[in-house]
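Have a look at the structure below, then the notes.
Residues: numbered from 1 along the sequence shown. One-based numbering, in listed order, for ligands and for the atoms of each.
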Amino acid sequence: MSLVPQQLVHALRNLDGFDENAFLEAHAEGKPPVSIRLNPLKPFPETLAPAPFGERVPWCENGYYLHERPAFIFDPLLHGGAYYVQEASSMFVSHALKTCGAEAPGLKVLDLCAAPGGKSTLIQSILAENSLLVSNEVIKSRAAILEENLTKWGGANTVVSNNDPRDFQKLQGFFDGIVVDAPCSGSGLFRKDPAAIDEWSEQNVALCSQRQQRILADVWPALKEGGFLIYSTCSYSIEENEHITDWMLEELGGESVPLDIPDNWGIMAVQSPLKNGYGYRFFPDRIKGEGFYLCCITKTTGSAKPSRTHTGRKTTSVPAQVYQQVATLLDKDFRFSLLPVGQQYAVLPAGMEEEIALLQSALYLKKAGVLAGMPSRKEWIPEHALALSPSLRHDVPEWELTLQEALTYLRKEDMQATAPFTGWGIVKYGGVPLGWIKALSNRVNNYYPAAWRILKKADGRY
Ligand code: SAM
């Protein structure tokens with residue numbers, strides 16, 4: 001029995017190169033491949049890999065297939081941000097970003113529909129250290145997951161916001177690049193999520209297509225002239241893909257960007273029916289991955305003036321002793337600035353103060369940079385994010401845990417073993433920092449964030 005709605009198959013017959021039988025077979029029998037993307041900011045101990053590695057994902061430098069799906073939740077390396085579990089087709093954003101020049105220094109890039117953070121962690125890995133990623137999610141509960149995943153990823157050049165796309169109109173011409181991984185009808189993920197099949201309908205495709213246009217129209221003014229926009233969906237529907245490419249080229253005034261695609265990658269290069277805009281389709285019968293569509297355009301007509309770089313807002317001053325205290329916690333080569341956040345301080349790469357102030361004036365920021373902690377009368381109380389940051393200095397007291405000890409820590413249970421130091425220090429698994437402990441003479445205090453602890457038991461129960 002076919003998993004794919006007849007109306008969808010019928011519509012896809014109009015697409016040149018669509019192989020109906022192979023497509024249906026891939027859905028009836030094919031098992032979705034499992035893939036992960038390694039974090040270049042962190043070590044990855046191969047001997048502790050969660051499952052045997054297969055080949056590299058052709059279009060993504062750090063993407064790898066796994067031979068089987070492990071119980072990821074019980075892998076401390078995942079919680080330490082050493083890798084992200086990501087569907088292989090989605091990793092193609094990496095190739096598009098590179099073609100659009102996203103590796104250049106000093107850029108400001110927005111990921112507009114970002115939760116849970118797959119594309120954002122990937123964008124962070126492509127951007128230069130002095131570029132800024134604004135990772136936004138409109139739904140509050142999903143913004144929390146996004147914040148968690150980006151904190152684990154560890155890059156200091158990241159901001160998480162929780163805003164509606166229309167709020168970005170206050171940031172006219174601010175961004176050099178925007179990624180819109182749009183909410184869509186989700187047909188590309190039928191193999192991974194068969195429940196989505198029951199929710200699929202032609203009406204929903206039409207609604208998604210209208211919403212995609214609204215989102216793009218709202219955010220377009222925030223892109224500077226000459227900037228790039230990468231649009232993607234996990235839908236097969238022409239209305240959400242080629243028609244949106246046509247609509248952007250027609251209504252927004254952009255130029256389509258072709259991507260170089262080796263034939264052996266199996267990606268289907270398409271063109272939109274009205275404006276011949278370049279698009280790239282992923283079909284599970286042609287590639288090892290799920291359904292996906294991506295197109296890139298550059299902004300040729302600049303209706304918007306770039307935003308002022310001066311906000312007029314004075315950045316809040318930070319006491320010199322706080323700078324000195326934080327400096328003792330960070331890698332000595334890391335040039336940073338500090339942002340007060342309530343009683344705490346966040347660390348950002350130096351030189352982003354104006355941009356952050358401007359973003360604060362326009363958006364609700366859930367996170368900016370790496371939360372480093374706060375001073376108390378006696379000592380600096382470190383924040384979890386600092387333990388997961390590659391900017392943490394390398395000679396902080398540390399304790400390498402066994403798998404069982406690491407899981408105890410990540411469940412926020414009492415640590416029975418004795419730490420090799422007293423006072424604050426980090427625990428690691430396979431060389432990857434997991435978080436803070438404070439070791440006293442008679443016990444170890446576990447500072448893993450309660451909201452992130454593993455609740456699932458080894459037998460699958462909670
Ligand atoms: N980019 C994410 C990743 O790679 O992990 C996946 C994003 S998912 C395809 C689309 C996101 O858009 C969801 O997080 C959803 O909450 C958000 N969304 C839903 N409605 C939206 C709207 N009207 N405007 C902006 N974002 C919306």
Side-chain angles (χ1 to χ4, degrees), residues 35-37 39 57 59-60 62-63 72 78 81 83-97 109-126 133-153 158 160-169 171 175 177-190 192-193 196 199-200 204-222 229-237 240-241 244 282 289-295 363-364 366:
S35 45
I36 63 172
R37 186 169 38 74
N39 185 350
V57 175
W59 42 84
C60 182
N62 297 311
F72 284 113
L78 179 68
Y83 66 89
Y84 192 93
V85 183
Q86 186 172 40
E87 193 283 299
S89 305
S90 295
M91 298 185 198
F92 185 64
V93 169
S94 144
H95 185 68
L97 283 165
V109 175
L110 168 66
D111 184 8
L112 182 66
C113 308
K119 310 288 184 305
S120 279
T121 52
L122 187 148
I123 298 166
Q124 198 285 330
S125 298
I126 302 284
L133 168 64
V134 178
S135 186
N136 178 72
E137 168 58 41
V138 65
I139 297 174
K140 194 173 168 199
S141 56
R142 290 176 62 79
I145 297 159
L146 177 64
E147 182 185 7
E148 176 178 337
N149 284 331
L150 282 173
T151 300
K152 289 176 176 171
W153 202 247
T158 311
V160 174
S161 60
N162 177 205
N163 283 83
D164 188 278
R166 82 175 82 88
D167 297 336
F168 287 85
Q169 294 188 0
L171 293 166
F175 292 103
I178 297 181
V179 174
V180 178
D181 186 34
C184 68
S185 62
S187 47
L189 299 183
F190 280 168
K192 282 181 78 182
D193 178 18
E199 283 158 35
W200 189 92
N204 191 37
V205 168
L207 282 173
C208 287
S209 177
Q210 285 162 12
R211 180 168 58 182
Q212 287 147 2
Q213 290 172 23
R214 258 195 329 269
I215 291 172
L216 288 162
D218 280 346
V219 81
W220 185 250
L229 186 144
I230 296 175
Y231 171 81
S232 63
T233 72
C234 57
S235 163
Y236 293 115
S237 292
E240 299 178 78
N241 297 333
I244 296 290
F282 291 66
E290 303 313 293
F292 189 63
Y293 174 85
L294 180 146
C295 71
L363 305 173
Y364 170 60
K366 275 189 75 64

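Partners of Ser35 according to the side-chain hydrogen bond (donor to acceptor under 3.5 Å, both in side chains) rule, which considers only residues two or more places apart in sequence or in another chain, do not exist here.
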Exercise for the section: Give the intermediate values and the outcome of side chain to side chain donor-acceptor pair (under 3.5 Å) for residues Asn241 and Thr233. Expected result: CA-CA 7 Å; Asn241 297 333; Thr233 72; 2.7 Å; yes
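A distance-only check finds no donor-acceptor pair linking the side chain of Arg214 to the backbone of Pro165 [under 3.5 Å]. In this structure a side-chain-to-backbone donor-acceptor pair under 3.5 Å is present from Tyr84 to Gly118.
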For ligand 1, list all ligand N or O to protein N or O distances below 3.5 Å, rounded to 0.1 Å.
from: ligand 1; atom 1: 1 (N); to: Cys113; atom 2: O; distance (Å): 2.9
from: ligand 1; atom 1: 1 (N); to: Asp181; atom 2: OD2; distance (Å): 2.7
from: ligand 1; atom 1: 4 (O); to: Lys119; atom 2: N; distance (Å): 3.0
from: ligand 1; atom 1: 4 (O); to: Lys119; atom 2: NZ; distance (Å): 3.1
from: ligand 1; atom 1: 5 (O); to: Pro116; atom 2: N; distance (Å): 3.4
from: ligand 1; atom 1: 5 (O); to: Gly117; atom 2: N; distance (Å): 3.2
from: ligand 1; atom 1: 5 (O); to: Gly118; atom 2: N; distance (Å): 2.9
from: ligand 1; atom 1: 14 (O); to: Ala115; atom 2: O; distance (Å): 3.2
from: ligand 1; atom 1: 14 (O); to: Glu137; atom 2: OE1; distance (Å): 2.6
from: ligand 1; atom 1: 14 (O); to: Glu137; atom 2: OE2; distance (Å): 3.4
from: ligand 1; atom 1: 14 (O); to: Arg142; atom 2: NE; distance (Å): 2.9
from: ligand 1; atom 1: 14 (O); to: Arg142; atom 2: NH2; distance (Å): 2.8
from: ligand 1; atom 1: 16 (O); to: Glu137; atom 2: OE2; distance (Å): 2.6
from: ligand 1; atom 1: 16 (O); to: Arg142; atom 2: NE; distance (Å): 3.1

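Summarising the geometry of Cys208 relative to Cys184, their closest heavy-atom pair is SG-C, 3.6 Å, with the distance given to 0.1 Å.
A salt bridge links Asp181 with Lys119: at least one charged nitrogen is closer than 4.0 Å to a carboxylate oxygen.
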